Amino acid sequence: MFAALLTTHSHFALSHENADPYSCSNVQNDVEVWSGDALEIAVSCEGVETAISFLQQCGVDYDGSLAIHFERDMRDECGVDTYGIYVISDKLIRINSYPTCRSVFTKSKLTGRIPFDEFFESIVVHEVTHAVVDAIGAESAKKPLTQEYIAYAVQYSMFEPADVSALTDDLLIKDHVALSDFSMSIYALSAEKFAAMVSSHFNGPDGGCKTIRDLVSGDRQMRESVHQE
């Protein structure tokens with residue numbers, strides 16, 4: 001699983017217990033990163049800038065604060081091989097350490113074409129997007145299906161189109177994906193397929209920045225089934 005939303009409080013072990021928070025200087029937002037690893041800090045600050053800038057280009061502005069914690073290993077607590085989570089109740093982004101993420105990294109038609117460090121930054125981009133939508137989005141935007149659509153749209157925008165196309169072609173994603181085609185059942189079965197569908201829709205005639213802007217504002221809503229997990 002690429003990433004997840006968690007609604008309850010979490011208690012994980014920081015990857016560097018004695019690390020003081022680092023403040024990112026490349027963005028105007030107040031961003032604190034808990035990690036003693038220079039690469040994790042650099043990737044976090046770059047990922048925040050990428051996500052915030054992309055959302056601003058889409059007309060979604062966020063000037064609030066962000067907190068990012070790197071954990072040694074969240075797999076036992078989460079029950080899945082997740083890379084990162086956004087904990088809604090704590091307003092915290094939690095990401096597995098660089099070594100842990102690398103150990104669970106599996107290559108696909110997309111990830112086999114990009115450097116792992118680029119993928120690692122995209123995890124930050126995904127989780128930052130969750131945090132922004134949770135902070136300023138309409139109530140409909142905070143629902144799981146909509147949250148994941150927006151987060152994957154922003155995350156996959158940082159990859160080369162040819163690399164994403166290799167994934168959508170491999171998964172036989174149809175050319176014209178409709179917003180009504182999405183469900184949390186698809187996400188639960190294959191987050192990568194869900195992400196590929198998002199990319200296909202976002203880059204299609206019905207997608208683009210207007211879709212993100214309308215979803216965040218609540219002017220447009222996705223069909224969230226009561227039977228979805």
Side-chain angles (χ1 to χ4, degrees), residues 1-6 10 12 14-16 19 21-58 60 62-75 78 80-88 90-106 110-111 114-137 147-160 163-164 191-192 195 198-199 212:
M1 183 178 291
F2 280 80
L5 288 165
L6 192 65
S10 57
F12 302 120
L14 290 174
S15 61
H16 303 277
Y22 177 90
S23 296
C24 295
S25 59
N26 59 323
V27 291
Q28 294 183 344
N29 304 74
D30 179 15
V31 181
E32 291 191 333
V33 182
W34 273 263
S35 171
D37 183 87
L39 176 61
E40 292 175 352
I41 291 171
V43 166
S44 293
C45 294
E46 290 170 5
V48 169
E49 183 176 16
T50 297
I52 295 295
S53 297
F54 185 88
L55 288 167
Q56 285 178 337
Q57 291 172 13
C58 285
V60 178
Y62 178 66
D63 59 4
S65 61
L66 294 164
I68 302 173
H69 285 209
F70 280 87
E71 321 291 347
R72 283 199 297 267
D73 194 335
M74 298 185 292
R75 288 175 292 177
C78 291
V80 292
D81 285 344
T82 188
Y83 294 106
I85 60 173
Y86 173 64
V87 187
I88 296 172
D90 296 336
K91 308 301 180 187
L92 288 177
I93 294 167
R94 297 186 177 273
I95 299 174
N96 265 327
S97 66
Y98 183 93
T100 299
C101 283
R102 184 135 206 172
S103 71
V104 301
F105 179 69
T106 56
L110 169 66
T111 56
I114 61 176
F116 175 75
D117 286 3
E118 182 180 347
F119 178 76
F120 191 58
E121 181 185 341
S122 82
I123 299 169
V124 177
V125 170
H126 186 108
E127 299 305 337
V128 167
T129 304
H130 277 319
V132 170
V133 174
D134 179 56
I136 66 173
Q147 268 274 19
E148 294 302 340
Y149 176 95
I150 299 171
Y152 277 115
V154 179
Q155 178 185 8
Y156 271 48
S157 70
M158 66 179 290
F159 301 136
E160 290 294 332
D163 295 336
V164 177
E192 191 169 51
V198 169
S199 183
I212 286 184

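Computed from heavy atoms alone, side chains included, the values below leave out hydrogens, waters and symmetry copies. All figures in this text were calculated on a predicted structure; none of them were measured in a lab.
Atom-to-atom distance recorded for Cys24:SG and Glu46:CD is 9.5 Å, nearest 0.5 angstrom. Between Asn26 atom CG and Glu49 atom CD the span is 4.5 Å, to the nearest 0.5 Å. Glu118 contributes atom CD, which lies 7.5 Å from atom CG of Asp163 (distance to the nearest 0.5 angstrom). Between the CH2 atom of Trp34 and the CD1 atom of Ile41 there is a distance of 11.5 Å, given to the nearest 0.5 Å. Note: Leu66 CG to Leu92 CG = 10.5 Å, rounded to the nearest 0.5 Å. To the nearest 0.5 angstrom, Ser44 atom OG is 9.0 Å from Leu39 atom CG.
Side-chain atoms of Phe159 and Ser199, non-hydrogen and from C-beta on, never get closer than 4.5 Å to each other. Side-chain contact between Phe105 and Tyr83 is present, with heavy atoms from C-beta onward closer than 4.5 Å. Within the 4.5 Å cutoff, no side-chain heavy atoms of Val128 are placed close to those of Leu55. Counting heavy atoms from C-beta on, the side chains of Gln155 and Glu127 never come closer than 4.5 Å. Two residues are said to be in side-chain contact when any heavy atoms from C-beta on lie closer than 4.5 Å; Val60 and Val133 fail this criterion.
Listed for the Thr100 side chain is a donor-acceptor partner under 3.5 Å among the backbone atoms of Arg72. Here the side chain of Asn96 pairs no donor or acceptor atom with the backbone of Cys101 at under 3.5 angstrom.
Residues Glu40 and Ser97 come closest through the heavy atom pair OE2-CA, 3.4 Å. Smallest separation of non-hydrogen atoms from Met74 and Arg94: CE-O, 3.6 Å. Pairing each heavy atom of Cys45 with each of Tyr22, the nearest pair is SG-CE2, 3.9 Å. Minimum interatomic distance between Val125 and Gly47 (heavy atoms only, all atoms of both residues): CG2-O, 3.5 Å.
If you run side chain to side chain contact (heavy atoms under 4.5 Å, CB included) between Ile95 and each of Val43, Thr82, Val33, Ile68, only Ile68 comes through.
Qualifying side chain to side chain contact (heavy atoms under 4.5 Å, CB included) partners for Asp134, counting only residues two or more places apart in sequence or in other chains: Tyr86, Ile88, Lys91, Lys142, Gln147. Not counting sequence neighbours, Phe54 has no partner by the ring-ring contact (aromatic ring centres under 6.0 Å, His included) test. Every residue two or more places apart in sequence or in another chain that forms a side chain to side chain contact (heavy atoms under 4.5 Å, CB included) with Asn29 is listed here: Val27, Val31, Ile52, Tyr62.
Checked against the 6.0 Å centroid criterion, the rings of Phe116 and Tyr98 qualify as a close aromatic pair.
A 6.0 Å sphere centred on CD of Glu160 holds no more than 12 heavy atoms belonging to other residues, nucleotides or ligands.
With hydrogens and angles left out, the side-chain atoms of His69 and Glu32 include no donor and acceptor closer than 3.5 Å.
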